[in-house]
Amino acid sequence: MSDTRPIDLRSDTVTQPDAAMRRAMAEAEVGDDVFGDDPSVNRLEALAAERVGKEAAVFVPSGTMANLVAVLSHTQPTDEVLLGEESHVFNYEVAGAARVGGVQLRPLANDRGGGLAEEDVRAAVREPNIHAPRTALLCLENTHNRCGGAVVPLARMEALARIAREAGATVHLDGARIFNAEVASETPAAALAAPADSISFCLSKGLACPVGSVLCGPQDLIERARRERKMLGGGMRQAGVLAAAGIHALAHNIERLAEDHANARTLAEGLGRMGPFAVETPATNIVVLRVLEGTRDGWLAGFAEAGVRAVPFGAGRIRMVTHKDVDAAGIDEALRRIERAAVAVG
């Protein structure tokens, strides 16, 4: 990697389609997806549903829209949704579920591994009462972004889903990086998704597509989701150009996620040896640094000056994400640059 080219570790969303993916996009057979006429979109949806063990799927522009469409499809206004206080839906989706869906989000404490305590979920379930919202949905997340890319074990998700169902609620899994969880845990995505009624996953993160996510679930839920997608302005026309990238990614970009995980461990080990940071061993491709010396913003500025891009991740924390466009040599170069930044910041 060039000494002058920035090494972008802000997110795995910064990846760009490679030549093979661009070729697939250029050659895509297309139609009007709102009419159900785009063969590439139809193929992607069928492949996605099969891959995560669900009956049907709908292609949407973003992970945020996928989660919002899921909430809208599972609930009605005045319902309550249980979810983790560190979850993406609660922290990074502009309160869309409340604004658009008219539902109340009830955050529960996440543990360090991204899970929820069973007793907390049980205690949060509302008894039927005309004064209270109805507990309608439990949202889980796997891998868990704000918990450092943690993989929530299947048994843990099964236990939480069981509590929700006993209360008459449904379960949605924000599986934006579900294939990172699959590779890291050696558990098929379909098994990880089985406890949930619906699952969304991103094509534009570790799978390196330019845009797009998929919501998967039972046929009747997905039919409602299509209507909600249209209401949100997510009904696209010749979207097969984008779907072709997703088809290519599902065939070629899942197994290689192991490389991102190995690169994340190399990055974390190198950063941990430097002294100014506390770094936990990453479970997948997300590396979180806790600043021990200096300030978070000072380090971010120093990294940027040295040609390494990262993002703030809460008080005193910095996030870096490994991905397809930064190989092992790029990680080594990033560590060299950060060492130089450490001298400058120091």
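Values reported hereafter were calculated over all heavy atoms of this structure, with side chains retained and with hydrogens, waters and symmetry mates removed. Bear in mind that the values here come from a model prediction, so they are computed numbers and not experimental data.
- Residues Asn180 and His261 are in side-chain contact: their nearest non-hydrogen atoms beyond the backbone lie under 4.5 Å apart.
- Hydrophobic clustering (ILVMFWY, side-chain heavy atoms < 4.5 Å, transitive): Leu257 and Ile286 are in distinct clusters.
- Residues Ala28 and Ala244 share a closest heavy-atom pair of CB-CB, 3.6 Å.
- Taking a 6.0 Å sphere around CD of Glu29, one finds it holds 12 or fewer heavy atoms contributed by other residues, nucleotides or ligands.
- The aromatic rings of His74 and His172 lie tilted to each other, with the angle between the two planes from 30° to 60°.
- Heavy-atom minimum distance, Ala196 versus Leu173: CB-CB, 3.8 Å.
- Under a 3.5 Å cut-off, the side chain of Asp33 and the backbone N or O of Gly36 do not form any donor-acceptor pair.
- With rounding to the nearest 0.5 Å, the separation of CZ in Arg226 from CG in Leu215 is 10.0 Å.
- At most 12 non-hydrogen atoms from other residues, nucleotides or ligands lie less than 6.0 angstrom from CZ of Arg43.
- Salt-bridge formation is not detected for the pair Arg336/Glu339: no Lys NZ or Arg NE/NH1/NH2 atom is positioned less than 4.0 Å from an Asp or Glu carboxylate oxygen.
- Summarising the geometry, atom CZ belonging to Arg156 is positioned 7.0 Å from atom CG belonging to Leu116; distances are rounded to the nearest 0.5 Å.
- The backbone N or O of Gly240 sits less than 3.5 Å from a side-chain atom of Asp38, completing a donor-acceptor pair.
- Side-chain contact between Val326 and Asn263: absent, with no pair of heavy atoms (C-beta onward) separated by less than 4.5 Å.
- Residues Leu68 and Met65 form no side-chain contact, since every pair of their non-hydrogen atoms from C-beta on lies 4.5 Å or further apart.
- Minimum interatomic distance between Asn91 and Glu85 (heavy atoms only, all atoms of both residues): ND2-O, 2.9 Å.
- In this structure, the side chain of Arg22 engages the main chain of Pro17 through a donor-acceptor pair within 3.5 Å.
- Ion pairing between a basic and an acidic side chain is recognised when a charged N comes within 4.0 Å of a carboxylate O; Arg265 and Glu269 show no such pairing.
- Hydrophobic clustering (ILVMFWY, side-chain heavy atoms < 4.5 Å, transitive): Leu105 and Val94 are in distinct clusters.
- Shortest non-hydrogen contact noted between Ala208 and Lys324 is CB-CD, 3.7 Å.
- The shortest heavy-atom contact between Gln219 and Ala56 is OE1-CB, 3.4 Å.
- More than 12 heavy-atom neighbours from other residues, nucleotides or ligands sit within 6.0 angstrom of CZ on Arg256.
- Both tests pass for Arg146 against the ring of Phe313: distance under 6.0 Å to the centre and angle within 45° of the axis.
- Counting heavy atoms from C-beta outward, Leu300 and Pro312 have side chains that approach closer than 4.5 Å.
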Exercise for review: Give the C-alpha distance, both sets of side-chain angles, the deciding distance and a yes or no for side chain to side chain contact (heavy atoms under 4.5 Å, CB included) between Leu140 and Val152.
Suggested key: CA-CA 9 Å; Leu140 303 174; Val152 182; over 6 Å; no

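- Separating the CE atom in Met274 from the CG atom in Leu292 is a distance of 13.5 Å, to the nearest 0.5 Å.
- Looking at Asn285 and His323, their side chains never bring a donor and an acceptor atom within 3.5 Å of each other.
- Here the side chain of Thr284 pairs a donor or acceptor atom with the backbone of Gly149 at under 3.5 angstrom.
- The cluster map of Ile, Leu, Val, Met, Phe, Trp and Tyr, joined by side-chain heavy atoms under 4.5 Å apart, puts Ile254 and Ile199 in the same cluster.
- In this structure the side chain of Cys139 reaches within 4.5 angstrom of the side chain of Val81, judged on heavy atoms.
- With hydrogens and angles disregarded, a donor-acceptor distance shorter than 3.5 Å links the side chain of Glu141 to the backbone of His88.
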Exercise for review: Mind running side chain to side chain contact (heavy atoms under 4.5 Å, CB included) on Phe201 and Arg51 for me, showing each step along the way?
Suggested key: CA-CA 11 Å; Phe201 67 84; Arg51 195 69 173 73; 5.7 Å; no

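- Taking a cutoff of 4.0 Å between a charged side-chain nitrogen and a carboxylate oxygen, Arg177 and Asp260 do not qualify as a salt bridge.
- Of the charged side-chain nitrogens involved, at least one lies within less than 4.0 Å of a carboxylate oxygen, so that Arg224 and Glu228 count as a salt-bridged pair.
- Within a 6.0 Å radius of CZ in Arg237, other residues, nucleotides and ligands contribute more than 12 heavy atoms.
- A salt bridge between Asp12 and Lys205 is absent, with no side-chain N of the basic residue lying under 4.0 Å from a carboxylate O of the acidic one.
- Applying the 6.0 Å contact sphere to CZ of Arg290 captures no more than 12 heavy atoms from other residues, nucleotides or ligands.
- Atom CD of Gln16 has 12 or fewer heavy atoms from other residues, nucleotides or ligands within 6.0 Å.
- Taken from OG in Ser40 to CD in Glu27, the straight-line distance is 11.0 Å, to the nearest 0.5 Å.
- Counting heavy atoms from C-beta on, the side chains of His252 and Met21 never come closer than 4.5 Å.
- One hydrophobic cluster, built from ILVMFWY side chains closer than 4.5 Å, holds both Val214 and Phe179.
- Trp299 places a side-chain N or O within 3.5 Å of a backbone atom of Glu293 that can act as its donor or acceptor partner.
- Glu45 contributes atom CD, which lies 8.5 Å from atom CD1 of Ile222 (distance to the nearest 0.5 angstrom).
- Between the side chain of Thr187 and the main chain of Ser185, a donor-acceptor pair closer than 3.5 Å is present.
- Between the side chain of Arg337 and the main chain of Val308, no donor-acceptor pair closer than 3.5 Å is present.
- Remark: side-chain polar atoms of Arg134 are not paired, donor with acceptor, to backbone N or O of Thr75 under 3.5 angstrom.
- With hydrogens and angles disregarded, a donor-acceptor distance shorter than 3.5 Å links the side chain of Arg106 to the backbone of Ala124.
- Counted within 6.0 Å of CZ on Arg165, heavy atoms from surrounding residues, nucleotides or ligands total more than 12; the atom is thus considered enclosed.
- Put simply, the side chain of Asp325 does not reach to within 4.5 Å of the side chain of Asp8, judged on heavy atoms.
- The minimum heavy-atom distance linking Cys147 with Asn110 is given by the pair SG-CB, 4.3 Å.
- Counting heavy atoms from C-beta outward, Pro210 and Met25 have side chains that approach closer than 4.5 Å.
- Ile163 CD1 to Thr135 OG1: the interatomic distance, rounded to the nearest 0.5 Å, is 12.5 Å.
- When the side chains of ILVMFWY residues are joined at heavy-atom separations under 4.5 Å, either directly or via intervening members, Phe303 and Leu335 end up in a single hydrophobic cluster.
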Practice item. Starting from the C-alpha separation in whole Å, work towards a yes-or-no answer on side chain to side chain contact (heavy atoms under 4.5 Å, CB included) for Arg296 and Ile318. Key: CA-CA 7 Å; Arg296 181 199 68 182; Ile318 294 171; 3.7 Å; yes

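- Annotation: Glu305, atom CD; neighbour count of heavy atoms from other residues, nucleotides and ligands within 6.0 Å does not exceed 12.
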